[in-house]
Amino acid sequence: MARPRATAEFKSKILTESFMAKIVRIEALGQSQEQTVTVQGWLADKTDKGKLQFLRVRDGTGVIQATLFHKSVSPEAFEAAKHAPQESSVRVTGQVRAEPRAPGGYELSVTEFEIVQAARDEYPITPKEHGIEFLMAHRHLWLRSSRQHAILRIRATIIQATRHWLDTNGFLLVDTPILTPAAVEGTTTLFETDFYGEPAFLTQSGQLYNEANAMAFGKVYCFGPTFRAEKSKTRRHLSEFWMVEPEWAFGTLDDYMNVAEQMVSHVAQTVLKERAAELAVLERDTTCLEKIVAPFPRISYDEAVEIIRAKGDANFKWGDDFGAPDETLISEQFDRPVFVHHYPTAMKAFYMAPDPQRPEVCLSADLLAPEGYGEVIGGGQRSDNLEYLEAQLEKHHLPRAPYEWYLDLRKYGSVPHCGFGLGVERTVAWLCKLDHVRETISFPRMMDKMYP
RNA sequence: UCCGCGAUAGCUCAAUCGGCAGAGCAUGCGGCUGUUAACCGCAGGGUUCAAGGUUCAAGUCCUUGUCGCGGAGCCA
């Protein structure tokens, strides 16, 4: 018994000395200069110079160039590195040195190299160009690339900044259900599912439940996934996307626009400040982002129609919805996001409050992002009038029974209230200036696309 | 759902008028002590999306289908 035990202890000591240097994440390597540390990650890329190899190791927090000199590591380790395929998982130990020739400014002079797993097949995604179809089919691997890292880090910051702003401005997070008994707005296509034998639908908005929560808590927001079964194949549509929806009691159309522009400004400025490196990876022109500061210009639907008639479609009919080119045209008139308010009542959801002075338009507003990104926010003041909503349900051919609870909110202390929904993916696409929202979420769900 | 374009090596693409299936990258082997999407040499790699048709001959022309991309509508 004594001998094997001693052997185990001996092995353990060797491991401690040779492989178990302090494990450091790449983003923190600058604080370990001249120290010997271990980095755990994946072999992103490699350049073989004969008796010198450059390994670029990625650990999720960054990429570090590791140099292996033939004389500095064991012959076995050197040979193993030479034959390690791309994306093999590795553990490298070496001294951290400032090195101007290395990308990132730091380099690891390797003394120990260990392969956790040698990649078993040729890694499909090479440093060269690929088509979008191929990349989407390999989305699970594409996420390892620097561009996707930058986008998803910015997404995380956008979400964090949004929630932080709401949390510190009196809004309470009260999430709303994802399984719902009926269409919230009754217009768009919903994904149907089976709820104990009864039809149920994946939510397309937390809107109506938000109103109940606002009457209970004053200022609330929900943050969650939203589902639309529309057969839309465009650069701005996903079947599953995330939306943040603030809603508050005693709020008006103007209050909504004030809150939304403050929130969006905070988010944009936070990204600018905290994600400069990621914006640089994406080659984002940040002067456009610097301009995203409240107040935002506000124009009425009527004025927007005038712009379209003057600079685009001269025959644009009052009452029509804006198409993508129309939205682009309107947003091009301004260097920051623009609110378009007082849309025709007939165009908007049944619960929007009509303008008392002019009932053919309602107290709604959309926020159009610049650079052609279109509508990133939709919202407005909700009707607080029981009789009006009853009439609206009828007009929109919606059954009353599923909305009884919603009508109750107008019976027990009804107050003016407002809210809005911000599309997370569109906001990410805009702030990152991406061609398509499919890159703004780790695994996009699009029409007829569920793999991976 | 509608309109347009496309599908050839693992990837990105080429192939003239219908006449021998090609390149770069990737991969494998060899060389190189400062590479940055390295470089040099050698090698392997194809059901040309599917089914049918025209033809002496089809990657190429015709028909149908499948899938993808771009745009529109609808929306955040």
Side-chain angles (χ1 to χ4, degrees), chain A residues 44-56 63-72 78 82-83 85-87 97 99-105 107 109 119 121-138 141-142 145-146 184-185 187-190 203-207 224-245 260 320-327 347-349 366-369 373-379 420-430 435-438 440-441 446-449 451:
Chain A
D45 196 13
K46 182 171 66 171
T47 303
D48 184 354
K49 283 279 296 162
K51 294 215 164 55
L52 165 61
Q53 296 179 71
F54 297 97
L55 312 181
R56 275 171 287 280
V63 178
I64 182 75
Q65 173 162 284
T67 53
L68 262 83
F69 286 95
H70 186 253
K71 62 179 185 196
S72 305
F78 194 82
K82 210 179 188 70
H83 296 285
Q86 190 186 355
E87 287 302 320
R97 292 188 301 105
E99 170 56 71
R101 286 173 293 184
E107 195 173 77
S109 296
D121 284 313
E122 185 184 330
Y123 188 66
I125 300 178
T126 67
K128 294 281 179 173
E129 68 210 86
H130 295 286
I132 190 66
E133 182 183 358
F134 179 81
L135 289 170
M136 288 302 292
H138 294 85
L141 303 176
W142 190 20
S145 71
S146 60
V184 166
E185 296 173 23
T187 51
T188 31
T189 325
L190 301 176
T203 183
Q204 61 173 338
S205 167
Q207 161 63 33
T226 305
F227 307 87
R228 304 272 166 99
E230 292 151 359
K231 302 219 175 221
S232 304
K233 280 182 71 169
T234 82
R235 60 180 62 185
R236 347 173 155 182
H237 284 87
L238 294 173
S239 303
E240 176 184 298
F241 63 97
W242 288 67
M243 193 153 66
V244 55
E245 296 177 274
D320 281 354
D321 208 346
F322 304 134
D326 303 322
E327 283 186 355
M347 246 175 64
K348 290 290 180 182
D366 289 349
L367 183 69
L368 305 184
Y373 283 94
E375 186 183 345
V376 289
I377 286 180
F420 65 95
L422 175 139
V424 170
E425 286 74 16
R426 284 190 183 176
T427 303
V428 176
W430 163 39
D435 294 338
H436 201 294
V437 290
R438 63 189 157 210
T440 63
I441 187 165
M446 296 184 294
M447 191 170 91
D448 295 330
K449 213 188 275 288
Y451 181 91

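As the structure is a prediction and not an experimental result, all values here were calculated from the model. Naming convention: chains lettered A, B, ... in sequence-line order (proteins, then strands); numbering from 1 in each chain.
Note on A:F54: a base of the nucleic acid sits closer than 4.0 angstrom, heavy atoms only. No engagement by A:I125 is indicated, since no non-hydrogen atom pair under 4.0 Å with the nucleic acid exists. If you check every strand for non-hydrogen atoms under 4.0 Å, A:D366 touches nothing. Within 4.0 Å of A:G323, counting heavy atoms only, lie sugar-phosphate atoms of the nucleic acid but no base atom. Within the 4.0 angstrom heavy-atom criterion, only backbone atoms of the sugar-phosphate kind lie near A:D321; the bases stay farther away. In this structure, A:P103 reaches the bases: a heavy-atom distance under 4.0 Å links it to at least one base atom across the strands shown. At a threshold of 4.0 angstrom between heavy atoms, the contacts of A:T427 with the nucleic acid are absent.
Distance A:K46 NZ to B:rA38 C1': 14 Å, rounded to the nearest Å. For the pair A:L55 CG and B:rU36 P, the interatomic distance rounds to 15 Å; values are reported in whole Å. Between the CZ atom of A:F134 and the C1' atom of B:rG68 there is a distance of 14 Å, rounded to whole Å. Taking atom CG on A:D48 and atom C1' on B:rA37, their separation rounds to 16 Å, with Å as the unit. If you measure from atom CD of A:E230 to atom P of B:rA72, you get 15 Å, rounded to the nearest angstrom. Rounded to a whole Å, the CH2 atom of A:W142 is 16 Å from the P atom of B:rC11. Put simply, CD on A:Q65 is 11 Å from P on B:rA37, counting in whole angstrom units. A:I377 has its CD1 atom 18 Å from the P atom of B:rC75, to the nearest Å.
Taking a pair to require two hydrogen-bonding distances under 3.5 Å in either a Watson-Crick or a G-U wobble arrangement, B:rC13 pairs with B:rG22. Across all strands shown, B:rG45 remains unpaired; no Watson-Crick or G-U wobble contact has both distances below 3.5 Å. When both pairing distances are held under 3.5 Å, B:rA72 makes a Watson-Crick or G-U pair with B:rU1. In this entry B:rA51 has B:rU63 as its Watson-Crick or G-U wobble partner, both defining distances falling under 3.5 Å. In this structure B:rG34 sits in no base pair that meets the Watson-Crick or G-U test at under 3.5 Å.
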inquiry  = Run the side chain to side chain contact (heavy atoms under 4.5 Å, CB included) test on A:M446 and A:H237 for me, step by step, so that the C-alpha distance in whole Å, both residues' side-chain angles and the decisive distance to 0.1 Å come before the verdict.
reply    = CA-CA 7 Å; A:M446 296 184 294; A:H237 284 87; over 6 Å; no

task = Please report the C-alpha distance between A:Q86 and A:I125 in whole Å, then the side-chain angles of each, then the deciding distance to 0.1 Å, and finally whether the side chain to side chain contact (heavy atoms under 4.5 Å, CB included) criterion is met.
result = CA-CA 9 Å; A:Q86 190 186 355; A:I125 300 178; 6.0 Å; no

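For A:K231, the NZ atom counts as loosely surrounded, since its 6.0 Å shell holds 12 or fewer non-hydrogen atoms of other residues, nucleotides or ligands.
Taking the C1' atom of each, B:rC69 and B:rU27 are spaced 28 Å apart, rounded to whole Å. Of the C1' atoms belonging to B:rA21 and B:rC2, the separation is 38 Å, rounded to the nearest Å. Taking atom C1' on both B:rC25 and B:rA38, the two are 13 Å apart, rounded to the nearest angstrom. For the C1' atoms, the distance linking B:rG53 with B:rU60 amounts to 15 Å, nearest Å. The gap from the P atom of B:rG24 to that of B:rG41 amounts to 10 Å, rounded to the nearest Å. For the C1' atoms, the distance linking B:rG65 with B:rC56 amounts to 29 Å, nearest Å. With both ends at atom C1', the span from B:rG19 to B:rC3 equals 36 Å, rounded to whole Å. Between the P atoms of B:rA58 and B:rA14, the separation comes to 23 Å (whole Å).
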Are any protein N/O atoms closer than 3.5 Å to N/O atoms in nucleotides 23-29 of chain B? If there are, list each pair with its distance.
residue: B:rA26; atom: O2'; partner: A:E122; partner atom: OE2; Å: 2.8

Look for any protein N or O under 3.5 Å of an N or O in nucleotides 1-5 of chain B and output each such pair with its distance, or none.
residue: B:rU1; atom: O4; partner: A:K231; partner atom: O; Å: 3.2

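The phosphate of B:rC69 has OP1 or OP2 within less than 4.0 Å of a side-chain N or O from A:K449. A sub-4.0 Å separation between OP1 or OP2 of B:rG73 and a side-chain N or O of A:R236 is absent.
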Could you list the donor-acceptor pairs under 3.5 angstrom formed by side chains in residues 420-430 of chain A, with sequence neighbours left out?
residue: A:E425; atom: OE1; partner: A:W242; partner atom: N; Å: 3.0
residue: A:E425; atom: OE2; partner: A:R155; partner atom: NH1; Å: 2.9
residue: A:E425; atom: OE2; partner: A:R155; partner atom: NH2; Å: 3.2
residue: A:E425; atom: OE2; partner: A:W242; partner atom: N; Å: 3.3
residue: A:R426; atom: NE; partner: A:R236; partner atom: O; Å: 3.2
residue: A:R426; atom: NH1; partner: A:E375; partner atom: O; Å: 2.9
residue: A:R426; atom: NH2; partner: A:R236; partner atom: O; Å: 3.3
residue: A:T427; atom: OG1; partner: A:G423; partner atom: O; Å: 2.7

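In this structure a side-chain-to-backbone donor-acceptor pair under 3.5 Å is missing from A:K348 to A:G379.
Checked against B:rG70, B:rU36, B:rC11, the side chain of A:R101 finds its nearest nucleotide in B:rU36. Listed nucleotides: B:rU35, B:rC69, B:rG73. Nearest to the side chain of A:E107: B:rU35. Proximity note for A:H237 (side chain, C-beta onward) versus B:rC75, B:rG70, B:rC32: the nearest is B:rC75. Among the nucleotides B:rG70, B:rA76, B:rG34, the one closest to the side chain of A:E99 is B:rG34. Taking only side-chain atoms of A:P325, from C-beta outward, the nucleotide of B:rU12, B:rA72, B:rC74 with the closest atom is B:rA72.
For A:R97, the salt bridge (Lys or Arg N to Asp or Glu O under 4.0 Å) criterion is met by A:E99, A:E107, not counting sequence neighbours. For A:K46, there are no salt bridge (Lys or Arg N to Asp or Glu O under 4.0 Å) partners, not counting sequence neighbours. With sequence neighbours excluded, no residue forms a side-chain hydrogen bond (donor to acceptor under 3.5 Å, both in side chains) with A:T67.
The CZ atom of A:F78 sits 4.0 Å away from the CD atom of A:Q53 when rounded to the nearest 0.5 Å. In this structure, A:L368 CG and A:F322 CZ are separated by 8.0 Å, a value rounded to the nearest 0.5 Å. Atoms CD and CE, on A:Q204 and A:M243 in that order, are 8.5 Å from each other to the nearest 0.5 Å. For the atom pair A:M447 CE and A:S239 OG, the distance stands at 8.5 Å (nearest 0.5 Å).
Taking the six-membered ring for Trp and thresholds of 30 and 60 degrees, A:H130 and A:F134 have nearly parallel ring planes, at less than 30 degrees apart.
Judged by atom type and distance alone, A:E133 does not reach the base of B:rG6 through any side-chain donor-acceptor pair under 3.5 Å. Not a single donor-acceptor contact under 3.5 angstrom links the side-chain atoms of A:Q53 to the base of B:rU33.
Comparing A:M446 and A:R426, the nucleotide of RNA chain B nearest to each residue sits closer to the 5' end for A:M446. If A:K51 and A:V376 are placed on RNA chain B by their nearest nucleotide, the residue sitting closer to the 5' end is A:K51.
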